[in-house]
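Indexing begins at 1, ligand by ligand and atom by atom, following the structure's order.
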Amino acid sequence: MSAQRTVLSTQVGIVGGGPAGLMLAHLLGRAGIDSIVVEKRDKDTIHATHRAGILEAPTVRMLTDSGVDGRVLTEGHEHEGTVLRFEGESHRIDFKELVGESVWLYPQNEVFLDLADARERDGGDVRWSVTDTEVVDLTTDRPGIRFTDAAGEDFEVRCEILVGADGSQSICRRAIPEQERTDNFIEYPFAWFGILAEAPPSAPELIYSNSEHGFALISQRSGTVQRMYFQCDPEEDVDDWGDERIWAELQRRVEGPDGLRLQEGPIFDKTVLKFRSYVCEPLRHGNLFLVGDAGHTVPPTGAKGLNLAFCDVRVLAPAIVEFFRTGDGTGLAGYSATALERVWKAQNFSYWATHLMHTQPGENPFNQKRRRGEFKAITGSERGAAYFAESYTGWPDDR
Ligand code: PHB
């Protein structure tokens, strides 16, 4: 620690330079509102962290319409539907036909890169690789962030609005006294084993596949790189799995009378993703506001994480702008309740889709057959399929 802290002043202090924090800083910057973002990781580390890859249409519109970048349109892939597969039988859910929407396959780490570049282009203040971050005086009108920058210099940011966009391990959330917040959470008895492989695509759209051996998701990244996952034990060790064993497991989870075979190739990334559903209530404490994973996390089955974070930003950004332009705090006062309406809908969808598609360890045959019935009720009926399509592509903001 150096002898003196340099004090910086800004309107909005943001802890966390992932997509949620950067998108908020970007929108505020366009409205003439200053912010400082502090982030403990460096840019390359965040860019190398693989997360989900499906963007709802309003997420894509936020990137293109607010002038972040149009790369999502040239390098992303529009998917007008997805395939649900049960016991080797595929059923396509046609989003466009059912609800007039589509989603985009564009990895979250590329969204991050576009936002980080846009901040740099627009002269935004982002401090990467900071340590010892602490938030203070949350219930005063001058909350602060203390941190040490990458060069070892100590800083204190004083602001009017503090935003916690610092992910599921959020220090901002933990700074809210326990008696002032409710932690709602459940854990799951399984996880996903995720791989990246050098191979051609096995299908033009995603395949969510349930089999007696467990769930698998066949996703894509490009013409030469594919992303796939299979349900595994949360304690699974990636080092126990060589390429051959992984491909055999994935193949048996998609096999069926239609002869579907996955295109194989060298695997260059393996990770186990643990599942958790979590919601902090409320998403506000004094002048601290939580957005994205800092306030809520979903299992990856519904691909809702980043999309939900951007929904929070769509509610919070205009409320902050209104507050600085007119002094009216009505939008800020309503932020938590408005954002939570959407969060709980997405929690339900993610929970429901997870239970529909995964095999519980030691599952009772009754439940396996019940899930098959549930699956048929979705794929065999236009209204059932429309429920899935609307939830997956994202509900309109006003509903
Ligand atoms: C991905 O491509 O990484 C992906 C897609 C859909 C999901 C989860 C992950 O539901």
Side-chain angles (χ1 to χ4, degrees), residues 18-19 46-57 59-60 72 75-85 92-93 95 101-113 168 188 190-210 214-232 246 250 253-254 262-263 267-277 292-293 297-310 346-358 378 388-394:
I46 306 181
H47 185 233
T49 309
H50 301 288
R51 307 282 296 265
I54 288 288
L55 307 183
E56 294 174 356
T59 301
V60 173
V72 57
E75 293 182 28
H77 297 272
E78 185 174 8
H79 284 192
E80 296 188 352
T82 196
V83 170
L84 301 184
R85 192 169 167 89
R92 182 166 185 269
I93 307 280
F95 302 147
E101 276 291 8
S102 54
V103 295
W104 292 76
L105 183 80
Y106 187 65
Q108 188 165 323
N109 50 335
E110 300 304 322
V111 174
F112 162 76
L113 198 64
S168 57
Y188 297 79
F190 40 74
W192 277 6
F193 194 115
I195 63 151
L196 281 165
E198 274 168 50
S202 295
E205 293 173 339
L206 270 62
I207 304 173
Y208 287 85
S209 178
N210 183 267
F215 173 76
L217 170 60
I218 311 308
S219 182
Q220 301 89 21
R221 284 295 177 263
S222 68
T224 53
V225 172
Q226 310 311 317
R227 180 75 162 149
M228 300 181 196
Y229 305 88
F230 62 89
Q231 175 186 348
C232 69
I246 292 172
L250 281 163
R253 292 188 189 202
V254 299
L262 302 173
Q263 303 253 31
I267 293 168
F268 61 90
D269 189 88
K270 302 185 274 190
T271 14
V272 171
L273 284 84
K274 297 214 169 138
F275 274 38
R276 204 160 183 260
S277 293
D293 281 1
T297 51
V298 284
T301 323
K304 286 276 170 259
L306 173 71
N307 296 296
L308 212 46
F310 274 29
Q347 285 290 353
N348 175 57
F349 177 65
S350 305
Y351 172 96
W352 169 78
T354 300
H355 282 90
L356 169 66
M357 292 188 239
H358 290 72
I378 293 298
F388 186 93
E390 184 183 43
S391 308
Y392 193 88
T393 58

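Taking each heavy atom of S391 and F349 in turn, the nearest pair found is CB-CD1, 3.3 Å.
Contact annotation: the side chain of L196 approaches that of H50 to within less than 4.5 Å [non-hydrogen atoms, C-beta and beyond]. For the pair R92 and E80, the minimum side-chain heavy-atom distance is below 4.5 Å. Annotation: side chain of Y188 is in contact with side chain of H355 (closest heavy-atom distance under 4.5 Å).
Protein residues lining ligand 1, listed by chain and number: R51, A52, G53, I54, W192, L206, Y208, L217, S219, R221, R227, Y229, P300, T301, A303 [non-hydrogen atoms, distance under 4.0 Å].
E78 is linked by a salt bridge (Lys or Arg N to Asp or Glu O under 4.0 Å) to K96, counting only residues two or more places apart in sequence or in another chain.
For the residue pair H47 / E110, a side-chain donor-acceptor distance below 3.5 Å is found, with atom types taken as modelled.
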